[in-house]
Amino acid sequence: MNIGFDAKRAFHNKTGLGHYSRTLIRLLPEYYPEHHYYLFNPKPSTIFDLKSGLNDSAGQGNNIHEIQPKGFVNKLFHSAWRSSWVKNDLQKLKIDLYHGLSHEIPINIRQTGIKSVVTIHDLIHERFPEQYNPVDVKIYNKKFRYACKYADKIIAISEQTKRDIIEFYKTPENKISVCYQSCNPAFATRVSETEKARVKKEYRIPDEFFLYVGSIIERKNLLNICKAIYLLQNEMDIPLVVIGDGGRYKRLVKDYIAQTGLEKKIIFLSESPAAQNNNAFHSAGLFSAIYQSAIAMIYPSFFEGFGAPVLEALWSRLPVITSNVSCLPEAGGPGAYYVDPNSAEEIATGMKKIYSDKTFAGIMREKGWEHALNFSPEKYAGNMMNIYKSIW
């Protein structure tokens, strides 16, 4: 089978959609090398090499092909190529199935006879439109609805997302398959103490710290984590390392930090020169060293499509504090510590419990690891391939 992917975010996105795309694109050729995989990338990338780490001499990577627009017009209007004109390339390359990895499929792809699958990560713009630019909401609404209507199969990354697709778009349930994602296998690899020490030194990370990973936006709730740090300031002197960036909401968080004197306790790692000047900062290998050095991941989001940092933490045997709402209990399983995301007090209680009770933290690590095995790379790739074969 010749399988095509919308690879824009795989090559250019440093956050969740990019991680999702890269993980799947790397796993499928490993477990199903009999197929060919075509990555349709609208423009060159200097950030990610999707063949890195593969052994081409052993046949790994030889079935992965990057396709970029050809010709002056296609290169100039690469967004139009991705959203529509790419169909010509799909037909020339005899693509059997096309997977839109992030909410979109090419316009009128059905007319080509090529089967299509689309992954819907979340419908947060429908639930919380006030957190988006109104123009973006209209664009997302149009693209998502089109994809859900015309794709041959919809992949929801959680039961929560499946329920939302049915609720907002009235999509027939039998058209939707839930396929839980996995994460980069690097998170499951134990990092040596020497490597962890090297990473801490290079990025000036303290010996003990709590960790937050994600975009700094209102929905992900970094402000209440900072409030929890403030509540604990007379009981624990443990900083929070933040990996991620943002705009208006980040400024609001920083205002709170300045007002409460928490500047030395909240470390915005993504702002450090070491992080900004090194593409390796976005690699799973580096992140796994940081995860495995932390006390706990704190991820009290108000709403998610899945919550990939939760799974990455579980793979890293890192205790997780997360929300008792949305899909987060699906991601966290029985080993996570659940809180009301509106309650800084509950977040603070969890942080203190995990830090002070080593036995409790150890039990969380083991239960979290057992739950993470349900999202193994092999299961993920197998479930996805079964979906492909069900419509091909």
Side-chain angles (χ1 to χ4, degrees), residues 14-16 124 128 130-131 200 203-272 274-276 281 287 290-291 293-304 307-310 312-313 316 318-326 328 331-332 336-357 361 364:
K14 300 175 183 178
T15 59
I124 294 170
F128 304 100
E130 69 281 359
Q131 295 184 17
K200 285 181 180 180
Y203 292 92
R204 298 184 179 181
I205 299 172
D207 286 335
E208 292 187 309
F209 62 95
F210 290 100
L211 180 64
Y212 167 90
V213 177
S215 301
I216 304 175
I217 56 178
E218 184 177 359
R219 171 174 54 84
K220 292 185 182 288
N221 201 21
L222 177 58
L223 181 58
N224 269 344
I225 305 177
C226 295
K227 290 180 179 179
I229 296 282
Y230 179 76
L231 291 173
L232 292 169
Q233 63 179 334
N234 295 325
E235 301 180 63
M236 293 167 44
D237 189 25
I238 308 297
L240 174 73
V241 169
V242 175
I243 298 178
D245 206 355
R248 181 195 62 81
Y249 180 73
K250 181 182 178 181
R251 292 191 291 273
L252 186 152
V253 171
K254 284 199 163 187
D255 286 345
Y256 174 83
I257 291 170
Q259 292 165 13
T260 52
L262 293 177
E263 290 93 341
K264 293 184 179 180
K265 291 192 174 182
I266 313 295
I267 301 167
F268 290 90
L269 193 61
S270 300
E271 294 180 353
S272 71
Q276 292 185 341
F281 179 69
F287 272 35
I290 297 174
Y291 276 53
S293 300
I295 295 167
M297 165 71 72
I298 311 178
Y299 200 79
S301 176
F302 288 108
F303 197 89
E304 291 292 326
V310 171
E312 292 168 352
S316 303
L318 177 64
V320 173
I321 298 172
T322 191
S323 302
N324 57 9
V325 298
S326 182
L328 290 159
Y337 187 101
Y338 293 102
V339 298
D340 176 353
N342 291 292
S343 174
E345 292 79 7
E346 288 191 20
I347 298 170
T349 298
M351 295 168 68
K352 183 178 178 180
K353 175 71 172 175
I354 291 171
Y355 179 69
S356 60
D357 190 337
M364 287 187 68

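Keep in mind that the numbers below use all heavy atoms, side chains included, and drop hydrogens, waters and symmetry copies. On a predicted model such as this, the values are computed, not experimentally measured, just so you know.
For the residue pair Ala361 and Pro319, the shortest heavy atom distance occurs at O-CG, 4.0 Å. Of all the heavy atoms in Pro341 and Val325, the pair that sits closest is CG-CG2, 4.1 Å. Across every non-hydrogen atom of Ile229 and Met351, the tightest pair is CD1-CE, 3.4 Å. The two atoms that bring Cys226 and Leu262 nearest to each other are O-CD1, 3.5 Å, heavy atoms only. The two residues Leu223 and Leu252 come nearest to each other via the heavy atoms CD2-CD2, 3.5 Å. Looking at every heavy atom in both residues, Leu318 comes nearest to Ala294 through CD1-O, 3.4 Å.
Among the candidates Leu269, Val253, Ile216, the single residue satisfying the side-chain contact (heavy atoms from CB on, under 4.5 Å) test with Val242 is Ile216.
Two residues are said to be in side-chain contact when any heavy atoms from C-beta on lie closer than 4.5 Å; Val241 and Tyr203 fail this criterion. With contacts defined as side-chain heavy-atom distances shorter than 4.5 Å, the pair Met297/Val310 does not qualify. Two residues are said to be in side-chain contact when any heavy atoms from C-beta on lie closer than 4.5 Å; Tyr212 and Pro309 fail this criterion. The shortest side-chain heavy-atom distance between Ile205 and Ile267 does not fall under the 4.5 Å cut-off. Side-chain contact between Thr322 and Tyr338 is present, with heavy atoms from C-beta onward closer than 4.5 Å. Leu240 has its side chain within reach of Leu222: a pair of non-hydrogen atoms, C-beta onward, lies under 4.5 Å apart. Counting heavy atoms from C-beta outward, Ile217 and Gln131 have side chains that stay 4.5 Å or more apart. Between Met364 and Lys353 there is no side-chain heavy-atom pair separated by less than 4.5 Å.
For Asp340, the side chain to side chain donor-acceptor pair (under 3.5 Å) partners at least two apart in sequence or on another chain are Asn342. By the ring pair (Phe, Tyr, Trp, His ring centres under 6.0 Å) test, Phe210 is found to be paired with no residue, residues two or more places apart in sequence or in another chain being considered. For Tyr337, the ring pair (Phe, Tyr, Trp, His ring centres under 6.0 Å) test picks out no residue, with sequence neighbours left out. By the side chain to side chain donor-acceptor pair (under 3.5 Å) test, Glu218 is found to be paired with no residue, residues two or more places apart in sequence or in another chain being considered. Not counting sequence neighbours, the partners of Ser293 by the side chain to side chain contact (heavy atoms under 4.5 Å, CB included) test are Lys196, Lys200, Phe209.
Once rounded to the nearest 0.5 Å, the distance linking OG of Ser343 with CG of Asn324 reads 10.0 Å. Separating the CD atom in Glu312 from the CG atom in Leu211 is a distance of 10.0 Å, to the nearest 0.5 Å. Note that CD of Gln233 and OH of Tyr230 are 5.0 Å apart. Values are rounded to the nearest 0.5 Å. Taking CZ of Phe302 as the reference point, atom CZ of Phe128 lies at 8.5 Å (rounded to 0.5 Å). Put simply, CD1 on Ile243 and OG1 on Thr15 are 13.5 Å apart, with the number rounded to the nearest 0.5 Å. Taking CD of Glu208 as the start and OH of Tyr355 as the end, the distance is 3.5 Å to the nearest 0.5 Å.
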Q: Take Lys227 and Asn224 through the side chain to side chain contact (heavy atoms under 4.5 Å, CB included) test and state the conclusion after the steps.
A: CA-CA 5 Å; Lys227 290 180 179 179; Asn224 269 344; 3.4 Å; yes

Q: With side chain to side chain contact (heavy atoms under 4.5 Å, CB included) as the test, would you mind laying out the steps for Tyr249 and Arg251 before giving the verdict?
A: CA-CA 5 Å; Tyr249 180 73; Arg251 292 191 291 273; over 6 Å; no

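Remark: side-chain polar atoms of Ser323 are paired, donor with acceptor, to backbone N or O of Ser301 under 3.5 angstrom. Using modelled atom types, one side-chain atom of Asn221 and one backbone atom of Pro300 make a donor-acceptor pair closer than 3.5 Å. A donor-acceptor pair is defined here as one N or O able to donate and one able to accept, closer than 3.5 Å; no such pair exists between the side chain of Ser270 and the backbone of Asp245.
Sorted by first and then second residue, the pairs that involve residues 230-243 and meet salt bridge (Lys or Arg N to Asp or Glu O under 4.0 Å), not counting sequence neighbours, are Glu235-Lys352, Asp237-Lys265.
Classified by interplanar angle (parallel below 30°, tilted 30° to 60°, perpendicular above 60°), the ring pair Phe281/Phe287 is perpendicular.
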